[in-house]
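Here is the structure we will look at.
Index from 1, following the sequence. Note that this is a predicted model, so its numbers are computed, not measured.
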Amino acid sequence: MKKSVTNDSLNPELSESIIKSIEGLAIIISLFLSFTVLLGWYFEEKQILSMIPGSATMKFNTALVFLLTGILLVIQKTKKTAILFIYYSLALIIVIIGVFTLLEYTGWSVFSIDNLFVSDKFSSKYPGRMSPATAVCSVFLGLGFITEISANNFFKKAAGFLNALIVFISILAITAYILFIPMGHKGILFQSMAIHTSLLFFLISILKILKNTKHELLPLIWGNFAGSKLIRKVLPLMILFPIIFNYLLVIAIEKELFSFDFGLIAYATIFIPLSIFYITYIALGLNKTDIEKQLVENDFRKSNRYLKQFKNGIDKAFILAITDKYGVITEVNETFCKISKYGENELIGKTHSILNSGHHDKQFFTKMWKTIRSGEIWIDEIKNKAKDGSYYWVLTAIVPFKNEDNQITEFMALRQDITDRKNAEEDRLQYLKKLEYKNKELEQFAFVASHDLQEPLRTVINFTDLLARKQKHHFDDIGIKSLDFIQEATVRMSQLIKSLLDYNRIDKNSKLSRIACNELIEEIKIDLDKKIADADATVIVNTLPTIIGYETPLRLLFQNLISNGIKFRSKEVKPYIEITARPMADGFLFMVKDNGIGISANHQEKIFEIFKRLHSKDEYDGSGIGLAHCRKIVDLHGGKIWVDSTPGSGSTFSFTIKTVYNEKKDQLHPID
Ligand code: ADP
C-alpha cells in the first residue's frame, strides 16, 4: 500500500494562488510590453525598444511573439476547447517566426520576415532580425505551447524540457546584462537579445514550469522535509554567489585592479572552500534534526510495541468491541463473537441493541449514555441475549476515546463473562427465599402447635388440681407421689410451651428504637434485685453505647445472660458479673463475664440450641431455652454470639450488634 505523507508546509490552495498571481503578471506584462514595443516601432521610439541605452532593441517580431504568447496564456486560462484551433494556430505562428529567423541566419533564406511589418533603422547589423537566442526561444516557446496541452506523457515531458531550455537561455542573457558584458563579447547567440526580451522569456518559462509541476516543484521548495530545507538553504548561495562575485570581478577588472586570470583563480579559491564550509554546516544541521527524528521514532516505535502488547493482552482477556461515537460497532474480537454467537460480519455496522435482552429498563441505558458522553468511564453488569436466544451476563466497562480537541471519537467496550457468578447468585437468592419461606412455615407450625397444646394441658392441670384437692385422701402413698409427679410435670410442660411461644414471638415486627444500654441494664438490675441479693452477687456495668435495636428482645438478651451468670455460680466464690462493650468497624461487641462454673469446650456450641441443658433440673432450674433466645435476638440485630469459657473459672458470653440498619431507619421511634 502506498502511504501518502504530505510534504506541504505550503497548502495546495496557496500554491495554486501563487501560480495564478504569476500567471496574471505574465499575461499583463507580455501583453503590455509587446503592445508598447509594437507602438515604439510604429513611432520609432528607440528608448522603449532597447530599455538600456546602447543595448539591443526588442525587435518587432519578438514583440509579436510576446503578443501571441499573452493571448495564448489567456486562452489557456479560459480552458475553452472550442478555440483550440486558434490556440494551435497562434503557437504555430510563434514557431514559424523563430524558424524563419533561424533559417535567415543560416543564409538559406526563402522568405525574409525581418522587416515584414516595420523597417528597422536602429540596428546596424541584421536590421529587424531578432537575435538567434530569441529565435531559438521562440521556437521552443511555440513548441512548448503545442506539446504541453497534449494528453501524451512524452509530449508533456518534452514541453517541460523546452521550458527548461528557455529558462537556461534567458538566465544566460540576463546574467550577461548584470555583468555588463559588452555586446561583442556575448557571442553570436546572444548578441542582440534585449534585456526585456530575456526577462519576459524567463518569466513565461518559469510560469510554465511551475504550472506543469505545481504538485512537485512548489512543495519541493516550500516543503518540510530535509530535501526542501536543503534546496532553500543552498540554492540562494549557488545563484547569488556567482552573480555577485562575477559582478564585482567585472568591475575590478574594468578598473584594472587585477587581471582576468587572477579573478578566475580568486573565484575558484573562494567559491570552493566557502561552498564546502557552508554545505558542511547545513549537513551538520540536517544530521542533528535527523538524529532527533530518529530518537522520536525510536520512542514512537517503543510505545507502539507497548501498545500492541497491551492490546493483545486485552484482546485475549476480554470481550472487546470498538464502536464509533454513535455506538455503531466497528471492531469486535473473537471472544465477543464466541459469547454472542454472532459472526463478525453480523456485528459490524450494528449497535449493541442487537444483544438487548430486555432485562434492563430504558433508564439504565439512558444513564449509561449520559455517563460515557460526558467522557466518563461507565462500569456495570449487563444481561445480554446471544444469537441463539440464550442469555449471558457481562461485567462491562465502556471507555470513551478522545481526540486532541477532547472530543469523543470512539468507545471501547471491555467485558467479562460473569454468567456463572450471576447464576450462582440467582440460585442463592432463590434458595434464601425458599429457606425464609420454610422458616416462616416452621415458626407458624411451632406457634400453632404450642398454642393448641396449651388448651388440653390446661384441662389436665385443672383436673389434677381438682383431684389433688378433692380426692387426695382416697390415694395411698404411691398414688399421692404419682399425683405430685403429674402436677410437677404439667407445670413444667406449661412452662416449656410458654417459652416456646415466647421464642416464636421474637420477630422483626417490633419497632426499632434508640436504646441506651446502661439505662436498660439498670432497669434489668432492678427487676433482678431479689435474685442478686439472694445470691449476694455483684453486677458491674461499664460504659455502654446507645444503639439502635429492638428494645424488648434486647432486654431479654441481657436479662438471660445476667441471670445465667448468677444461676450457674460456683459454690466457692460469690457471683461476680461484669458487662463491657467495645466499638467495632460496623457495630459493637458486648461481653458479659461471670466467675461461675464454666462450660467445657465440647458444650460451648450446643448450649445455644433450643432446650439444650447441661444440668438436671434438680441441680439448676431452667428450661434450656434462654441461650436459644439470646442467639435469635443477636441474629435479629445482624450479629453473632459465642462463649469463651474454662470449666471452674467462669464464662464470657460475647455478642455483636450491627450499628444501624440503614434500610430500616424509617422504622425508628422518634425518641429524640
Ligand atoms: P437454662 O438456663 O434454662 O438451662 P440456657 O439456654 O439459658 O437454659 O442455658 C443452657 C445451658 O447452658 C444451661 O443449662 C447451662 O448448662 C449452660 N450455661 C448457660 N449459661 C451459663 C453460665 N453462665 N455458666 C455456665 N453454664 C451456663
For Phe568 and His615, I'd like to know if the aromatic rings sit close, meaning centre-to-centre distance below 6.0 Å. yes
For Ser651 and Gly598 the tightest heavy-atom approach is OG-CA, 3.4 Å
Going by atom types only, do Asp644 and Trp642 share a side-chain donor-acceptor pair under 3.5 Å? yes
Shortest non-hydrogen separation from Asp621 to Lys567 and the atoms involved: O-NZ, 2.7 Å
Closer than 4.0 angstrom, basic N to acidic O: yes or no for Lys525 and Asp529? no
Nearest non-hydrogen partners of Ala321 and His352, listed with the distance: CB-NE2, 3.9 Å
Identify whether the distance between the nearest side-chain nitrogen and carboxylate oxygen of Lys325 and Glu410 falls below 4.0 Å. no
Taking Arg458 first and then Glu455, would you say they form a salt bridge - that is, a charged N and a carboxylate O separated by under 4.0 Å? yes
Would Trp369 and Phe411 count as a close aromatic pair, with their ring centres under 6.0 Å? yes
State plainly whether the residues Glu297 and Lys293 are in salt-bridge range, i.e. N to O under 4.0 Å. no
Check this for me: does any side-chain nitrogen of one of Lys387 and Glu346 sit under 4.0 Å from a carboxylate oxygen of the other? yes
Pair Phe653 + Phe590: ring centers closer than 6.0 Å: no
Does Lys383 come within less than 4.0 Å of Glu426, counting only side-chain N to carboxylate O? no
Is Glu381 paired with Arg421 through a side-chain N to carboxylate O contact shorter than 4.0 Å? yes
Euclidean distance, Asn595 CG relative to Thr538 OG1, rounded to 0.5 Å: 8.5 Å
Ring centres of Phe655 and Phe558 under 6.0 Å apart? yes
What I want to check is whether the side chains of Gln559 and Asp527 have a donor and an acceptor closer together than 3.5 Å. no
Lys606 with Glu609: basic N within carboxylate O range, under 4.0 Å: no
Considering residues, nucleotides and ligands other than Gln363, do more than 12 of their heavy atoms fall under 6.0 Å from its CD? no
Could you pull out the closest heavy-atom pair between Gly596 and Asp594, with the gap in Å? N-OD1, 2.9 Å
